[in-house]
Amino acid sequence: MKKLIYFFALLGIISMASCSGKSNNASTTEVVMVTDSLVPDTATIAIYEGILPGADVAGIQYVLELGQTANGDSVYQLSMTYLGANKGKDTTFIQEGQWGIIKNGKISPKSSSIFQLNDSAGVVFNFLDMNDSIIMLGQDMKLPQSKLNYSLKKK
């Protein structure tokens with residue numbers, strides 16, 4: 001998880017350096033941290049990524065890292081980059097919290113599990129595990145009715 005945070009910090013520094021002396025039309029990324037505390041010594045279990053639809057933006061790039069701390073806590077970091085959100089500039093929000101697995105009994109395929117992400121502010125995300133990908137579920141724990149892509153691929 002530290003690597004991901006360092007990556008975004010480095011990306012911000014590079015973006016600022018590359019924009020110096022250029023016009024205000026250059027595309028940059030603004031990073032906003034929405035986070036609990038960072039947990040050191042976290043082992044990565046899986047990383048999922050993809051671009052999901054977003055209202056009023058070109059899409060939302062998700063990078064989800066599921067991890068486990070040395071003391072056994074299941075933690076996650078979710079980076080959501082809103083593409084072209086702020087006058088053509090990308091804006092990234094980083095959310096962290098704990099995650100768990102809910103056994104699925106209602107959604108097909110029934111043998112799949114649901115990853116549930118919870119942060120300290122009470123924000124909950126649910127993803128249906130499809131082995132090599134996960135599908136974002138609605139707050140009602142149902143699959144999206146849209147034909148748009150709501151899946152993230154495992155890296």
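Note that these values count all heavy atoms, side chains included, but never hydrogens, waters or copies made by symmetry.
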task = Please report the closest heavy-atom contact between Gly84 and Asp90, naming both atoms and the distance.
result = N-OD1, 2.8 Å
task = Looking only at non-hydrogen atoms, find the nearest pair between Gly54 and Ile60 and report the distance.
result =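 Minimum heavy-atom separation between Gly54 and Ile60: CA-CD1, 4.0 Å.
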inquiry  = Can you confirm whether Phe125 sits close enough to Gln95 that some side-chain heavy atom of one is under 4.5 Å from a side-chain heavy atom of the other?
reply    =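 Counting from C-beta outward, Phe125 and Gln95 do come under 4.5 Å.
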ask   = Taking it one step at a time, do Ile101 and Asp129 satisfy side-chain contact (heavy atoms from CB on, under 4.5 Å)?
value = CA-CA 10 Å; Ile101 297 175; Asp129 181 19; over 6 Å; no
message = Is there a side-chain contact (heavy atoms from CB on, under 4.5 Å) between Glu49 and Lys155? Walk through the geometry before answering.
response = CA-CA 7 Å; Glu49 57 185 23; Lys155 263 182 88 173; 3.4 Å; yes
Rounded distance [0.5 Å steps], [atom1] in [X] versus [atom2] in [Y]:
X	Y	atom1	atom2	result
Gln98	Leu66	CD	CG	12.5 Å
Gln61	Ser79	CD	OG	7.0 Å
Ile51	Tyr62	CD1	OH	12.0 Å
Met130	Lys154	CE	NZ	13.5 Å

message = Do Leu78 and Leu83 sit in one hydrophobic cluster, given that two such residues count as connected whenever their side-chain heavy atoms are within less than 4.5 Å of each other, even indirectly?
response = no
ask   = Could you go step by step and tell me if Phe127 and Tyr48 meet the ring pair (Phe, Tyr, Trp, His ring centres under 6.0 Å) rule?
value = CA-CA 11 Å; Phe127 291 93; Tyr48 296 90; 8.0 Å; no
Is there a donor-acceptor pair under 3.5 Å between the side chain of [X] and the backbone N or O of [Y]?
X	Y	result
Trp99	Gln77	no
Asn86	Lys89	no
Ser146	Leu148	yes

ask   = Considering the options Ile94, Leu152, Ile47, which one meets the side-chain contact (heavy atoms from CB on, under 4.5 Å) requirement together with Val63?
value =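 Of the listed options, the one satisfying the test is Ile47.
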query = Does the side chain of Thr44 come under 3.5 Å of the side chain of Glu65 through a donor N or O and an acceptor N or O?
reply =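 There is such a pair (donor and acceptor under 3.5 Å, judged by atom type) between the side chains of Thr44 and Glu65.
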ask   = Are Asn126 and Gln116 close enough that a side-chain donor and a side-chain acceptor fall under 3.5 Å?
value =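 A donor-acceptor contact under 3.5 Å links the two side chains.
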note = Applying side chain to side chain donor-acceptor pair (under 3.5 Å) to Ser151 and not counting sequence neighbours gives Asn149
task = Step by step, work out the side-chain contact (heavy atoms from CB on, under 4.5 Å) result for Leu143 and Leu128.
result = CA-CA 8 Å; Leu143 288 167; Leu128 181 65; 3.9 Å; yes
query = When the aromatic ring centroids of Tyr76 and Phe115 are compared, is their separation below 6.0 Å?
reply =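 Ring centroids of Tyr76 and Phe115 are no less than 6.0 Å from each other.
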Throw together a table of side-chain donor-acceptor distances under 3.5 angstrom for residues 131-140, partners on residues two or more places apart or in other chains.
residue: Gln139; atom: NE2; partner: Val124; partner atom: O; Å: 3.2
residue: Asp140; atom: OD1; partner: Lys142; partner atom: N; Å: 3.1

